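One-based numbering along the sequence shown. Start at 1 and go down the list; that is how both ligands and their atoms are numbered. Since we're looking at a predicted model, the values are computed, not measured.
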Amino acid sequence: MKFQTISTQPFSDQKPGTSGLRKRVKVFQHPHYLENFVQSIFDTLEIPANATLTLGGDGRYYNRVAIQTIIKIAAANGFAKVMVGQGGILSTPAASHVIRKYQTFGGIILSASHNPGGPDNDFGIKYNTTNGGPAPEKITEAIFAKSKTIAQYRLADIPDMDIDTLGTQKVNGFTVEVIDPVADYADLMESLFDFDAIRALFKTGFRMKFDAMHAVTGPYAKEVFLNRLGADASSVMNCEASEDFGGGHPDPNLTYAHDLVEIMYGDDAPDFGAASDGDGDRNMILGKHFFVTPSDSLALIAANARIVKGYSGGIAGVARSMPTSAAVDKVAQSLDIPCYETPTGWKFFGNLMDAGKVTLCGEESFGTGSSHVREKDGLWAVLLWLNILAIKRQSVEQIVMRHWLQFGRNVYSRHDYEDIPTDEANAVIQHLRDSMPGLVGKTFGQYKVATCDDFSYTDPIDGSVSTKQGLRVLFEDGSRIVYRLSGTGTEGATLRIYLEAFEPDSAKHGLDAQVLLQEMIQIALQLSQLKEKTGREKPTVIT
Ligand code: VG1
Ligand code: CO
């Protein structure tokens with residue numbers, strides 16, 4: 001392969017965050033910026049002979065440009081082939097599946113997930129390894145180290161490739177195969193779930209509404225819900241993908257998925273509602289006038305998995321990120337299976353799934369998934385819920401209330417303070433760090449502090465240690481407050497406060513989480529001095 005070697009200067013800010021490198025599009029458009037990062041990825045890997053790279057993204061602005069550049073750098077760095085989703089599209093879970101199914105030498109996924117898209121918004125890139133999962137910290141750190149010393153990158157002398165026509169093209173011995181981004185994924189879903197049972201559920205008049213938020217799941221949802229499951233066309237909305245996600249914020253939560261929330265809380269609400277994010281790995285689950293917190297959703301899925309075809313043999317274990325509520329821990333205990341607590345970010349689940357220790361994983365941030373791929377998977381979660389509903393024939397609310405009756409309710413909420421000046425956010429964290437040792441044993445209202453720490457994790461499989469993963473104030477009754485700075489934002493800092501209080505009393509289960517957590521919220525503000533240090537009166541997003 002003929003290629004040019006192009007001289008470049010390092011950028012100092014190419015440190016991958018919770019889920020890859022995320023920056024403004026304008027930053028990625030700086031000459032050499034994307035090229036440097038991609039070359040740094042390839043410099044970190046030992047690319048074997050005849051290797052194939054999986055490539056695709058969520059279709060946001062700059063996706064197509066980046067894909068052409070990455071194809072050229074891959075060709076110049078010894079890849080024999082690139083498999084690219086048609087139009088440059090692959091949802092994150094679909095990309096994970098393609099890597100695993102075709103055993104490619106990992107893949108590059110282009111997405112800034114739930115962050116808005118368009119020329120003035122965000123773009124992102126990450127490398128997933130051969131197991132289909134996000135590169136672990138030791139690889140992302142090596143990529144960052146390379147990016148700080150890079151002096152040149154390689155660009156193959158090939159023209160832009162046609163990424164819109166299905167099939168194989170060859171140029172100078174290098175192959176580009178354009179694949180259907182949906183088919184393999186839809187087949188996988190059909191292998192895991194009882195589509196006949198779900199079809200039968202729709203035939204009873206059961207109504208659902210899935211909101212693709214103008215993002216990547218549009219074509220996936222149409223194929224799965226409409227074509228394969230026979231749902232009525234009105235069952236899906238916002239399925240036309242656009243480069244700026246219709247100007248919206250493709251984050252499936254109560255604030256940003258307001259169109260869907262209005263429908264689900266309206267007079268003529270369907271029985272089931274769901275939404276997914278920019279790159280299709282998140283999910284929000286709603287019933288008629290009812291919201292299921294992601295932490296409860298994970299617990300419910302764990303409790304009911306056995307009745308679903310793909311999990312009828314039982315689940316080996318579960319894992320949740322540290323800030324996710326302990327609802328799933330109780331289910332694990334009752335099933336007598338292990339439950340692991342990992343730092344935030346899907347990359348920490350990979351080793352556990354590869355080792356067969358866990359089948360289901362989840363995060364409070366609307367991420368749920370299983371070992372069918374190595375990413376969280378939005379549509380998978382929606383289908384799992386549909387499958388459970390098809391068998392149980394109860395409402396979403398009934399299923400959740402019965403679960404709480406059995407296990408108690410881990411009342412949960414996350415308060416986000418977005419776009420705080422970085423120094424103010426750091427001041428809050430510093431204040432907490434300094435004051436935490438003095439909190440132990442103190443009582444706040446009905447809550448007594450048992451311990452405080454900065455969460456640290458040792459991977460049980462490879463022994464790698466990750467420190468400073470979130471500040472925890474743990475109370476004696478199991479309630480807790482967690483403070484963490486986001487690692488996915490591109491502007492200023494986002495401070496997340498995670499609140500959890502256990503409520504065994506079923507008489508209170510019907511109450512709103514914000515009401516039940518009122519006292520906890522005040523304690524969280526008091527301990528952090530957030531108002532004093534940032535001037536913020538209230539959170540920007542509450543979920
Ligand atoms: C957020 C979530 C985290 C999730 C990550 C990537 O990270 O809290 O749970 O894994 O986004 O999700 P942070 O660092 O901003 O809290 V996705 O859908 O953006 O790839
Ligand atoms: Co996402």
Side-chain angles (χ1 to χ4, degrees), residues 15-22 57-60 90-96 109-117 121-128 133-135 137 140 212-213 215-217 220 245 249-253 256-257 275-284 293-295 298 319-325 341-350 361-369 373-381 412 414-420 425 429 455 466 468-471 482-498 540-541 543:
K15 185 175 170 62
T18 313
S19 186
L21 181 70
R22 286 192 192 163
D58 63 11
R60 68 179 61 223
L90 278 175
S91 78
T92 290
S96 182
I109 303 177
L110 302 169
S111 170
S113 188
H114 53 290
N115 298 13
N121 285 306
D122 294 348
F123 191 72
I125 171 169
K126 69 171 177 174
Y127 178 70
N128 279 29
E137 267 188 341
T140 57
M213 302 191 83
V216 79
T217 49
Y220 295 85
F245 308 123
H249 201 135
D251 196 351
N253 59 39
Y256 295 122
S276 190
D277 70 333
D279 61 331
D281 57 0
R282 296 190 179 201
N283 73 89
M284 175 168 68
T293 64
S295 294
L298 173 64
R320 61 161 172 87
S321 68
M322 178 274 283
T324 304
S325 95
E341 184 177 38
T342 60
T344 294
W346 212 260
K347 57 176 168 256
F348 294 102
F349 295 135
C361 304
E363 295 191 277
E364 48 62 43
S365 53
F366 299 85
T368 334
V373 290
R374 290 292 180 278
E375 287 278 4
K376 54 189 184 275
D377 189 343
L379 280 184
W380 169 89
Y412 190 84
R414 184 175 106 183
H415 288 200
D416 292 334
Y417 291 81
E418 297 173 313
D419 205 3
I420 303 177
I429 294 293
F455 183 63
S466 305
K468 299 195 174 170
Q469 298 294 324
L471 300 172
V482 176
Y483 303 85
R484 220 190 120 251
L485 290 178
S486 156
T488 55
T490 55
E491 204 86 327
T494 292
L495 180 71
R496 306 202 194 284
I497 304 182
Y498 308 83
T540 35
V541 179
T543 41

Review point. Does the pair D122 and T490 meet the rule for a side chain to side chain donor-acceptor pair (under 3.5 Å), with working shown?
Key: CA-CA 7 Å; D122 294 348; T490 55; 3.0 Å; yes
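- Between the CZ atom of R414 and the CD1 atom of I497 there is a distance of 11.5 Å, given to the nearest 0.5 Å.
- The shell of residues lying under 4.0 angstrom from ligand 1, judged by heavy atoms, excludes K126.
- Among all non-hydrogen protein atoms, the one lying nearest atom 9 (O) of ligand 1 is S365 OG, 2.6 Å.
- The protein heavy-atom contact nearest to atom 11 (O) of ligand 1 is R282 NH2, 2.9 Å.
- Shown in contact with R22 at under 4.0 Å from a heavy atom are these atoms of ligand 1, numbered in order with element: 17 (V), 19 (O), 20 (O).
- Residue, atom and distance of the protein heavy atom nearest to atom 18 (O) of ligand 1 are S113 OG, 2.6 Å.
- Residue side and main chain included, S111 places no N/O/S atom under 2.8 Å of the Co ion (ligand 2).
- Looking only at protein heavy atoms, the nearest one to atom 6 (C) of ligand 1 is K376 NZ, 3.6 Å.
- With a 4.0 Å cut-off on non-hydrogen atoms, T488 touches ligand 1 through its backbone as well as its side chain.
- Here the NZ-OG1 distance, from K126 to T92, works out to 5.0 Å after rounding to the nearest 0.5 Å.
- Rounded to the nearest 10 degrees, the angle OD2 (D277) to the Co ion (ligand 2) to OD1 (D281) equals 90°.
- Heavy-atom contacts of R496 reach the following atoms of ligand 1: 8 (O), 13 (P), 15 (O), 16 (O) (cutoff under 4.0 Å).
- Comment: D251 engages R282 in a salt bridge, judged by a side-chain N to carboxylate O separation of less than 4.0 angstrom.
- Remark: ligand 1 and G487 share an N or O pair separated by less than 3.5 Å (distance only, no angle test).
- The shortest N/O to N/O separation between D281 and ligand 1 falls below 3.5 Å.
- Note: N115 CG to E491 CD = 11.0 Å, rounded to the nearest 0.5 Å.
- With respect to the Co ion (ligand 2), D279 has OD1 as its nearest N, O or S atom.
- Within ligand 1, counting atoms from 1 as listed, the ones closer than 4.0 Å to a heavy atom of G345 are 10 (O).
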Practice item. Decide side-chain contact (heavy atoms from CB on, under 4.5 Å) for M284 and Y256; before the verdict, give the C-alpha distance in whole Å, the side-chain angles of both, and the deciding distance to 0.1 Å. Key: CA-CA 11 Å; M284 175 168 68; Y256 295 122; over 6 Å; no
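- Atoms of ligand 1 lying under 4.0 Å from any heavy atom of T18, numbered from 1 in the order shown and given with element: 5 (C), 7 (O), 13 (P), 14 (O).
- Residue contacts with ligand 1: R414 is included, with a non-hydrogen atom under 4.0 Å away.
- Annotation for ligand 1: atoms under 4.0 Å from non-hydrogen atoms of S19 are 6 (C), 20 (O).
- Of the heavy atoms in D277, only side-chain atoms (C-beta onward) come closer than 4.0 Å to ligand 1.
- Taking OG1 of T342 as the start and NZ of K347 as the end, the distance is 11.0 Å to the nearest 0.5 Å.
- Of all the heavy atoms of E375, none lies under 4.0 Å from any atom of ligand 1, so neither backbone nor side chain is involved.
- Among all non-hydrogen protein atoms, the one lying nearest atom 10 (O) of ligand 1 is E363 OE1, 2.7 Å.
- Within ligand 1, the atoms closer than 4.0 Å to a non-hydrogen atom of R484 are 13 (P), 14 (O), 16 (O), numbered from 1 in the order shown.
- In this structure, L110 CG and D58 CG are separated by 8.0 Å, a value rounded to the nearest 0.5 Å.
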